[in-house]
Asks: 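I have a structure I would like to understand better, so I am pasting it below and will then ask my questions one at a time.
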Amino acid sequence: MTHSNLALCRIINVKLSATRQSDSTKTAKSEIKTVKVQIKQSQSIDLKTDCRLVVLKQVKKLSSQQAELNRATGGLLDRLQGAEQFEGKLGQIVTIPVPAGIPAQNLVLVGAGEQRKLSTEQVRNLLDKVAKKLKVAQIDEAHCDLDALAEKSDTATVARHLVEAIGDQRYQYVKRPKAARDAKAGKTFRLTFLCEDRKSAAAARAGGLAGVAIDNGKTLAKNLGNMPGNVCTPSYLAAQAKKLVKSHKLKTKVLSEKDMQELGMGSLLSVSRGSKQPAKLIVMEYFGAKDKKQAPHALVGKGLTFDSGGISLKPGAKMDEMKYDMCGAASVFGAMVAVAELQLPINVVGVVPSSENMPDAIATKPGDVVTSMSGQTIEILNTDAEGRLILCDALTYTHRFKPATVIDIATLTGAVIVALGHQTAGLMGNDQALVDDILSAGETSLDHAWQLPLKETYTKQLKSDYADLANIGGPTAGTITAGAFLSCFTEKLRWAHLDIAGTAWGGAAGKRASGRAVPILTQYLIDRAAD
Ligand code: BES
Ligand code: MN
Ligand code: ZN
């Protein structure tokens, strides 16, 4: 078992014994549950179920349970192998409806192959395939033996990624005012892990619960991201944050434009100037540590609910996609939900500067100079480089929480898509240990990030004749100069910046929010809870 999975088992099991709950499903509370997890310490083939999912390495080498299944079904596995329909090769999946001899409606056989070890990525690819099959077969419930796969990875990882895979497959944007909706949207999938012994049951429970919490967080992030810009405004995000007070016991505060004015947030307010929608600064606090005063980990998310570019207007093509420009904020909402559901023993504060960026007669113009909350003046040479303008004041504000670490998450630059595609987020920071922790969380969660060099030489590109800083750094290294701009506001913090412009939506999935960076942020915080 990996270090972080061991820690997760410890955290979850402490929590379960403290609350004396034997049924893992009772601990996860959320309105938006896509998957519900249960653990059973039995692998009997006599279970009545909609679907029995069995992972096996090779039909030639069956475990005792699998041999029993083979007998009960009158040698089904042998026959499948004889007919070259299923040998247990990695990635092979067959679904057998109403199999004879066992009380399952469907039997799904999954091949894990002969390789001794599989990478987490290979495990996840296989589980994504399984989840797709379950969706196509319209299956809403499954009992799974995962031992053959767990041997090649570990039980907690397999359980967690299966939950996430099913969650991703079943996600549907339910708020859309479209007539034809999938009837299954919003229906919870019931997943039961069948475990051999107490140890694997504990690991499956820990991994399953982490999967459910992350999936719930992702679902919230996807819903907010997919929502149209005329619905999901800064005020709407603020109202959602207030809902989390009751549902997830967060402490929420919303600052108005007047409050921000008093704090001197001239940079943030320069972005909302051209919009009818008032900007909001949303603060959500989660207290899980024994000591309420323990330094929190801060997450700061860009909540630009629509980015037209402002006076530096964007071209028309694909401008609709700029409704996703609040996906950094959405990942902060999602991670806060996940952390609260896992009841992690740490403190976390989420800070979301939220605004629209619109052209208007009183909108900020290229060449305007504004004063940020830090006192540094900024020459706005391009009103489309607005994300950094709202984030810098939010980062200055975050100092008041005396945070242990600060991560900002933003759909900040188109350049990061050119460099890393839709697969990998750009990562920079002023503290290598923090950056390394985030990279490692990316590996575990498969929500990958890649470090870019944040060197002083890039900060020089932000020189201005009229202010302390310009808000753009010229045509080269756009992602890094954006990070360099933010670094001028975080010198006293242990800080890192994730550019998720490529990973938050799009790519092979099309125009859909992905729920990223909820997995990497939640994993980072799970790991901090285990430090
Ligand atoms: N929200 C955009 C970044 C973006 C662009 C995300 C395309 C996803 C797809 C950001 O506010 C922006 O406009 N950035 C500019 C910066 C430039 C003016 C220095 C960009 O990347 O073009
Ligand atoms: Mn922009
Ligand atoms: Zn933007």
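Counting starts at 1 for both ligands and their atoms, in listed order.
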Asks: Which part of K314 is near ligand 1, with near meaning a heavy atom under 4.0 Å away: side chain, backbone, both or neither?
Replies: side chain
Asks: Give the contacting part of W505 toward ligand 1: side chain, backbone, both or neither, where contact means a heavy-atom distance below 4.0 Å.
Replies: side chain
Asks: Please determine, by modelled atom types, if N347 and E285 share a side-chain donor-acceptor pair under 3.5 angstrom.
Replies: no
Asks: Does any non-hydrogen side-chain atom of T120 lie less than 4.5 Å from one of E443?
Replies: no
Asks: Please determine if K302 has a nitrogen or oxygen closer than 3.5 Å to a nitrogen or oxygen of ligand 1.
Replies: yes
Asks: For atom 18 (C) of ligand 1, which of L304, N382, D325 has the closest heavy atom?
Replies: N382
Asks: Show which atoms of ligand 1 fall inside a sub-4.0 Å distance from at least one heavy-atom site of I472.
Replies: 19 (C)
Asks: Would you tell me whether S119 and E121 have side-chain atoms, one donor and one acceptor, within less than 3.5 Å of each other?
Replies: no
Asks: Roughly how far, to the nearest 0.5 Å, is the CG atom of L126 from the CZ atom of R124?
Replies: 11.5 Å
Asks: Return the set of protein N, O or S atoms whose distance to the Mn ion (ligand 2) is under 2.8 Å, each given as residue and atom.
Replies: D307 OD2, D384 O, D384 OD1, E386 OE1
Asks: Do the side-chain N and O atoms of W495 and D408 include a donor-acceptor pair separated by under 3.5 angstrom?
Replies: yes
Asks: Do N357 and S308 pair up side chain to side chain, a donor and an acceptor below 3.5 Å, judged on atom types alone?
Replies: no
Asks: Considering V416, I390, D307 one by one, which has a heavy atom nearer to atom 2 (C) of ligand 1 than any of the others?
Replies: D307
Asks: Nearest to atom 10 (C) of ligand 1 by heavy atom, L389, I500, L412: which?
Replies: L412
Asks: Using non-hydrogen atoms of the residue, decide whether M322 is closer than 4.0 angstrom to ligand 1.
Replies: yes
Asks: Under a 4.0 Å heavy-atom limit, does M326 contact ligand 1 with its side chain, its backbone, both, or neither?
Replies: neither
Asks: Just wondering, are more than 12 heavy atoms of other shown residues or ligands nearer than 6.0 Å to CD in Q432?
Replies: yes
Asks: What is the name of the N/O/S atom of D325 that is nearest to the Zn ion (ligand 3)?
Replies: OD2
Asks: I need the atoms of ligand 1 closer than 4.0 Å to a non-hydrogen atom of T411, numbered in the order shown.
Replies: 1 (N), 2 (C), 3 (C)
Asks: Enumerate the atoms of ligand 1 whose separation from the nearest heavy atom of A501 is less than 4.0 angstrom.
Replies: 6 (C), 8 (C)
Asks: Between ligand 1 and N471, can you find any atom pair, the residue atom being a heavy atom, that is separated by under 4.0 Å?
Replies: no
Asks: Do we see a donor-acceptor contact under 3.5 Å between the side chains of D215 and Y171?
Replies: no
Asks: Taking only Lys NZ, Arg NE, NH1 and NH2, and the carboxylate oxygens of Asp or Glu, determine whether K276 and D360 approach each other closer than 4.0 Å.
Replies: no
Asks: How wide is the angle at the Zn ion (ligand 3) between NZ in K302 and OD2 in D307, to the nearest 10°?
Replies: 180°
Asks: In terms of side-chain geometry, is the basic nitrogen of K302 or D325 positioned less than 4.0 Å from the acidic oxygen of its partner?
Replies: yes
Asks: Can you tell whether the side chains of D168 and K222 come within less than 4.0 Å, N to carboxylate O?
Replies: yes
Asks: Report yes or no: do Y524 and T405 form a side-chain donor-acceptor pair below 3.5 Å?
Replies: yes
Asks: Closer than 4.0 angstrom, basic N to acidic O: yes or no for E257 and K280?
Replies: no
Asks: Using only N, O or S atoms, tell me which atom of E386 is closest to the Zn ion (ligand 3).
Replies: OE2
Asks: Just which atoms of ligand 1 are under 4.0 Å from any heavy atom in E386?
Replies: 11 (O)
Asks: Side chain, backbone, both or neither: which part of D384 comes within less than 4.0 Å of ligand 1 when only heavy atoms are counted?
Replies: both
Asks: Are E456 and K460 within salt-bridge range, i.e. N to O under 4.0 Å?
Replies: no
Asks: Are any of the N/O atoms in A415 less than 3.5 Å from those in ligand 1?
Replies: no
